[in-house]
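Numbers restart at 1 for each chain; the letters A, B, ... are given by sequence-line order, proteins then strands. The model shown is predicted, which means the values in this text are computed figures rather than measured ones.
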2 protein chains.
Amino acid sequence: MKEITSQQQRVLDCIQIYLKKTGFPPTRADICRELGFKSPNSAETHLRALEKKGFISIESGASRGISVNNQNNSFGGDEYPVIGLVAAGSPTLAEENIERTINCPKSFFESGFDYFLKVRGLSMKDAGIMEDDLIAVKKTTDVKNGDIVIARLDDEVTVKFFNRKSSNIVELEPANEDFENIVINLESEQLHIEGKSVGLLRRN
Amino acid sequence: MKEITSQQQRVLDCIQIYLKKTGFPPTRADICRELGFKSPNSAETHLRALEKKGFISIESGASRGISVNNQNNSFGGDEYPVIGLVAAGSPTLAEENIERTINCPKSFFESGFDYFLKVRGLSMKDAGIMEDDLIAVKKTTDVKNGDIVIARLDDEVTVKFFNRKSSNIVELEPANEDFENIVINLESEQLHIEGKSVGLLRRN
DNA sequence: AAAAATACTGAATGTATGTACAGTATAATA
DNA sequence: TATTATACTGTACATACATTCAGTATTTTT
């Protein structure tokens, strides 16, 4: 890929901004309007130069037939951290807890989400959540009974069903008969809701 | 957002696949070519319906002026079909079996995969596979004992553990004590392995 | 010093494309 | 039962657009 000139960079930026704004590429006239050129041929020659240098491809004859040659498609998709073992006392999203990141579209899980949590143990197995599964977590404290929540109790992070019994009593319920409910009295114990599960990802 | 019809869904999918492939939206004629319509007005009316229902926006007068209204501009990934109910006797990937598509990166599941299969029933619940989960399926006949396979028996598609007992006997084992093993004698019965599970996606 | 690339204006042209109009037919809705 | 939405074919046409040709001027490369 050869060197790009500053004017060609302007044209390339213009194309990408236009694409993001409208969802389709600009015409020669559009580029002229955006960049103040007075002849469509100004855009044309820049496009041909960009094509020659490999930055874009042009479908001959097709209107708006410009596509940007972005091999590293960091557009749209985002990098989401995978949280593994959470060190006691450290904030969940602290860097040392991030095992790696996964690139996936923003709204891959319907309500949007913030990170993946790697599941340890089988306390939620009857809800189809197995060891090493990745739970898509949306950071929120707005949880309803029956939601699968990511909760923090004494620096211990746990995944359970949420069940508010009364204004002061919350039960965290596993989905595995070998485990017992955790009953929390909010007056005497700290319960911090990190978020709730909005999806699950498993890779064999 | 109102209900979408199956034909309108086909058109919407066509637009997104075209976008992914070329980088710009299709013309009416392109859509006709892809879907077998013979009049550009067929595409036009579908586009207007999709616009009315809010799935797309159309820039009046602009060629290829279609933009898809899903908030996530998930460029870079691929569109993977979601296979729901498989009609008896029809090939799994036949168009009428495609419920919709999901955009996700190619290498989202490590060994690559070909489509998502929507799970019916709870026969694999102890393996953490619940109803309506989406199994990432890689088309292959190269399966080992213990693999979770997608198998076809008498036009019925099923997901089970694979276990070859001998050269002629294969057992398909559920992960749910309420279900029983399926024993197949390859000499007298047809067993077609569609592929194997390489991952799982669940959306709450 | 000549050639090639860059950076434009301006006009012209063929065609790619959106879009309206005229039909036909079936299913869903009021 | 009338009406609207869906699902098409087919023709036609104005215009949106790509693209070529003709210039001018500056900078970079050979």
What does the list of N/O pairs under 3.5 Å between the protein and nucleotides 25-28 of chain D look like, with a distance for each?
none

Check whether any side-chain N or O of [X] sits under 3.5 Å from a backbone N or O of [Y] as a donor-acceptor pair, and report yes or no.
X	Y	answer
B/Asp147	B/Val149	no
A/Asp133	A/Arg202	no
A/Arg64	B/Ser63	yes
B/Glu189	B/Asn185	yes
B/Asp114	B/Lys139	yes
B/Glu131	B/Gly121	yes
B/Asp13	B/Arg10	no

Without decimals, in angstroms, what is the distance between [X] [atom1] and [N] [atom2]?
X	N	atom1	atom2	value
B/Arg33	D/dC8	CZ	C1'	18 Å
B/Lys53	D/dA7	NZ	C1'	12 Å
B/Asn41	D/dT11	CG	P	13 Å
A/Glu44	D/dA22	CD	P	16 Å
B/Gln9	D/dT6	CD	P	14 Å

May I ask you to evaluate whether [X] reaches the phosphate of [N], defined as a side-chain N or O under 4.0 Å from OP1 or OP2?
X	N	answer
B/Lys38	D/dA7	no
B/Gln7	D/dT6	no
A/Arg48	D/dT19	yes
A/Ser60	D/dT19	yes
A/Arg28	D/dC17	no
B/Gln8	D/dA5	no
B/Ser42	D/dT9	yes
B/Ser63	D/dC17	yes

Out of [options], whichever nucleotide has its closest atom nearest the side chain of [X]:
X	options	result
B/Pro40	D/dA7, D/dT9, D/dT11	D/dT11
B/Lys52	D/dA16, D/dC8, D/dA5	D/dA5
B/Thr5	D/dC8, D/dT6, D/dA18	D/dT6

Nt span of DNA chain C in reach of chain A heavy atoms at under 4.0 Å, 5' end first, is C/dT6 to C/dT17
Salt bridge check: are B/Lys160 and B/Glu173 linked by an N-O gap of less than 4.0 Å?
no
When you check the side-chain N and O atoms of A/Asn176 and A/Ser123, is any donor under 3.5 Å from an acceptor?
no
For a quick check of understanding: with a heavy-atom distance under 4.0 Å over all strands, which category does B/Ala62 fall into, base, sugar-phosphate or nothing?
sugar-phosphate
Judged by nearest nucleotide, the residue sitting upstream toward the 5' end of DNA chain D, B/Gly36 or A/Ile58, is B/Gly36
What's the shortest heavy-atom distance between A/Phe37 and A/Ala43, and which atoms?
CD1-N, 4.2 Å
